[in-house]
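Please read the structure below before turning to the comments.
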Amino acid sequence: MNKTQEVKALLGELRLKSAREQLDDLLTTAIKEDTSCLEFLYQVLQKEVMARNANSKAKRLKQASFPYIKTLDEFDFGFQTSVSRRQIQQLMDMHWIEKAFNLLFLGPPGIGKTFLSISLGVQAVELGYHVSFITMDELIKTLKTEALSTRSKRKLKQIMTADLVIVDEVGFLPITRQEANLFFQLVSNLYMNTSVIVTSNKGFDEWPEFFGDPVITAAILDRLVHNSELFNMTGDSYRLHHRNTILGKTD
Ligand code: ADP
Ligand code: MG
């Protein structure tokens with residue numbers, strides 16, 4: 001074995017995979033540019049750290065299970081005026097996650113609640129946080145099958161260890177009292193430890209009807225709202241306003 005092979009073997013043993021893979025290129029450049037020992041060592045370590053960070057971000061992005069990826073610069077604040085760019089921009093530093101604050105986006109369909117939740121979630125992943133996105137419907141199914149399905153068990157473990165959980169579409173489909181109870185238990189477990197973003201097409205006054213019990217509703221709301229920022233959003237549906245037609249515009 002020559003020296004390069006020996007170094008590669010050592011890097012392999014230390015599990016510095018990217019450094020090992022890029023050693024030849026780095027060596028060639030270092031010889032050509034007469035790089036100092038210290039600079040060369042720096043470059044090798046930097047390649048490894050950069051690759052690790054990129055891998056862990058990709059892994060966290062996959063784990064988050066976003067239905068699609070959206071970023072804030074694609075959001076039209078001219079169309080959606082009930083939240084301001086400044087408000088959302090302030091949240092982009094993710095300090096609220098450090099304090100386990102919740103965000104509640106309420107309002108009618110099509111006004112950008114899911115869009116904003118996803119773009120905040122993507123930024124959280126970007127900054128190193130673990131995020132888990134799930135619709136309320138999926139969440140209830142997952143909670144009900146925890147004992148039977150390893151997939152559900154894994155998803156719930158992910159939710160419990162996340163820094164931010166996004167529960168989308170609370171209030172869309174009716175749920176039973178037993179399901180409301182399962183949701184309450186989850187919210188209780190996350191309370192004060194994990195940030196939650198909730199989107200809902202129902203105002204809080206309609207929640208008791210959705211959860212089927214005023215006491216459970218009060219207990220859920222209590223925990224969600226205690227440390228939270230509430231966005232009561234209004235406006236026209238972006239989908240309806242920007243709908244695509246087959247025949248094109250006639251006017
Ligand atoms: P909601 O969750 O409130 O029902 P969505 O976030 O799903 O609404 O938005 C509906 C559709 O309209 C999505 O395709 C979304 O990308 C788009 N959309 C909504 N609001 C905006 C906006 N202000 N700027 C750009 N796209 C928007
Ligand atoms: Mg939505």
Side-chain angles (χ1 to χ4, degrees), residues 61-92 94 96-97 101-126 129 131-143 155 158-159 162 164-175 179-180 183 186-187 190 194-207 209-211 217 220-221 224-225 228-246 248-249:
L61 198 57
K62 190 159 174 260
Q63 267 186 355
S65 330
F66 295 118
Y68 52 82
I69 301 294
K70 282 278 187 190
T71 54
L72 200 58
D73 46 302
E74 299 166 78
F75 194 79
D76 182 353
F77 283 96
F79 184 77
Q80 173 47 259
T81 52
S82 66
V83 290
S84 69
R85 181 187 294 277
R86 199 180 60 86
Q87 277 176 310
I88 302 298
Q89 201 65 53
Q90 271 182 359
L91 298 170
M92 285 291 174
M94 302 295 144
W96 52 280
I97 293 186
F101 263 61
N102 301 330
L103 306 180
L104 307 153
F105 292 104
L106 309 186
I111 58 167
K113 302 184 298 295
T114 302
F115 187 138
L116 288 177
S117 308
I118 290 175
S119 52
L120 284 159
V122 169
Q123 170 74 356
V125 166
E126 198 70 43
Y129 294 101
V131 180
S132 198
F133 180 103
I134 192 163
T135 62
M136 181 66 168
D137 189 35
E138 248 184 285
L139 177 60
I140 295 296
K141 280 190 197 134
T142 307
L143 287 167
K155 181 77 193 175
Q158 239 176 49
I159 287 176
L164 169 64
V165 178
I166 303 175
V167 185
D168 196 30
E169 300 184 344
V170 172
F172 254 66
L173 298 171
I175 59 172
E179 290 167 347
F183 183 65
L186 179 78
V187 168
L190 297 175
T194 310
S195 284
V196 181
I197 296 182
V198 165
T199 82
S200 178
N201 60 329
K202 297 228 171 7
F204 288 152
D205 52 332
E206 296 168 274
W207 280 35
E209 195 190 322
F210 168 68
F211 284 110
T217 309
I220 290 170
L221 272 179
L224 284 179
V225 175
S228 74
E229 201 60 52
L230 171 63
F231 295 89
N232 266 313
M233 292 169 65
T234 53
D236 294 331
S237 163
Y238 190 90
R239 285 198 200 93
L240 288 184
H241 198 264
H242 294 91
R243 81 184 201 281
N244 299 314
T245 58
I246 294 164
K249 290 204 177 352

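Keep in mind that this is a model prediction, so the values were computed, not measured. Note that ligands are numbered from 1 as they come in the structure, with each ligand's atoms numbered from 1 the same way.
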Would you check whether [X] has a nitrogen or oxygen atom less than 3.5 angstrom from a nitrogen or oxygen atom of ligand 1?
| X | result |
| --- | --- |
| Phe115 | yes |
| Gly112 | yes |
| Phe75 | no |
| Lys113 | yes |
| Gly110 | yes |

What about the rings of [X] and [Y], do their centers lie closer together than 6.0 Å?
| X | Y | result |
| --- | --- | --- |
| Phe115 | Tyr238 | no |
| Phe79 | Phe77 | no |
| Trp207 | Phe204 | yes |

**Request:** May I ask whether Ile111 places a heavy atom under 4.0 Å from ligand 1?
**Result:**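 So Ile111 counts as touching ligand 1.
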
So, [X] versus [Y]: side-chain donor-acceptor pair below 3.5 Å or not?
| X | Y | answer |
| --- | --- | --- |
| Thr135 | Asp168 | no |
| Lys113 | Ser200 | no |
| Ser82 | Gln80 | yes |

**Request:** Mark yes when over 12 heavy atoms from residues, nucleotides or ligands other than Glu209 sit less than 6.0 Å from its CD; otherwise mark no.
**Result:** no

For [X], take its heavy atoms, then give the atoms of ligand 1 lying under 4.0 Å from any of them.
| X | result |
| --- | --- |
| Lys70 | 16 (O) |
| Gln80 | 23 (N) |
| Pro109 | 4 (O) |
| Arg239 | 7 (O), 10 (C), 11 (C) |
| Glu74 | 25 (C) |

**Asked** Is the Mg ion (ligand 2) less than 2.8 Å from at least one N/O/S atom of Ser117?
**Response** no

[atom]: which protein heavy atom is closest, and how many Å away?
| atom | result |
| --- | --- |
| atom 23 (N) of ligand 1 | Asp76 O, 3.0 Å |
| atom 21 (C) of ligand 1 | Tyr238 CD1, 3.3 Å |
| atom 2 (O) of ligand 1 | Thr114 OG1, 2.7 Å |

**Request:** May I ask you to test the Val125-Val122 pair for a side-chain heavy-atom distance under 4.5 Å?
**Result:** no

**Prompt:** Can you tell if the side chain of Phe172 reaches within under 4.5 Å of the side chain of Met136, non-hydrogen atoms only?
**Reply:**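 A side-chain contact under 4.5 Å is absent here.
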
**Request:** Determine if the distance from atom 13 (C) of ligand 1 to the closest protein heavy atom is below 4.0 Å.
**Result:**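 Looking at atom 13 (C) of ligand 1, one finds that no protein heavy atom lies closer than 4.0 Å.
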
**Part of His242 within contact of ligand 1 (heavy atoms, under 4.0 Å)** = neither

**Item:** Test side chain to side chain contact (heavy atoms under 4.5 Å, CB included) applied to Ser228 and Leu104, Leu103, Val198, the passing residue
**Value:**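 So, applying the side chain to side chain contact (heavy atoms under 4.5 Å, CB included) to Ser228 and each of Leu104, Leu103, Val198, only Leu104 qualifies.
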
**Request:** Under the side-chain contact (heavy atoms from CB on, under 4.5 Å) rule, what do Ile118 and Leu116 come out as? Steps first, then yes or no, please.
**Result:** CA-CA 5 Å; Ile118 290 175; Leu116 288 177; over 6 Å; no

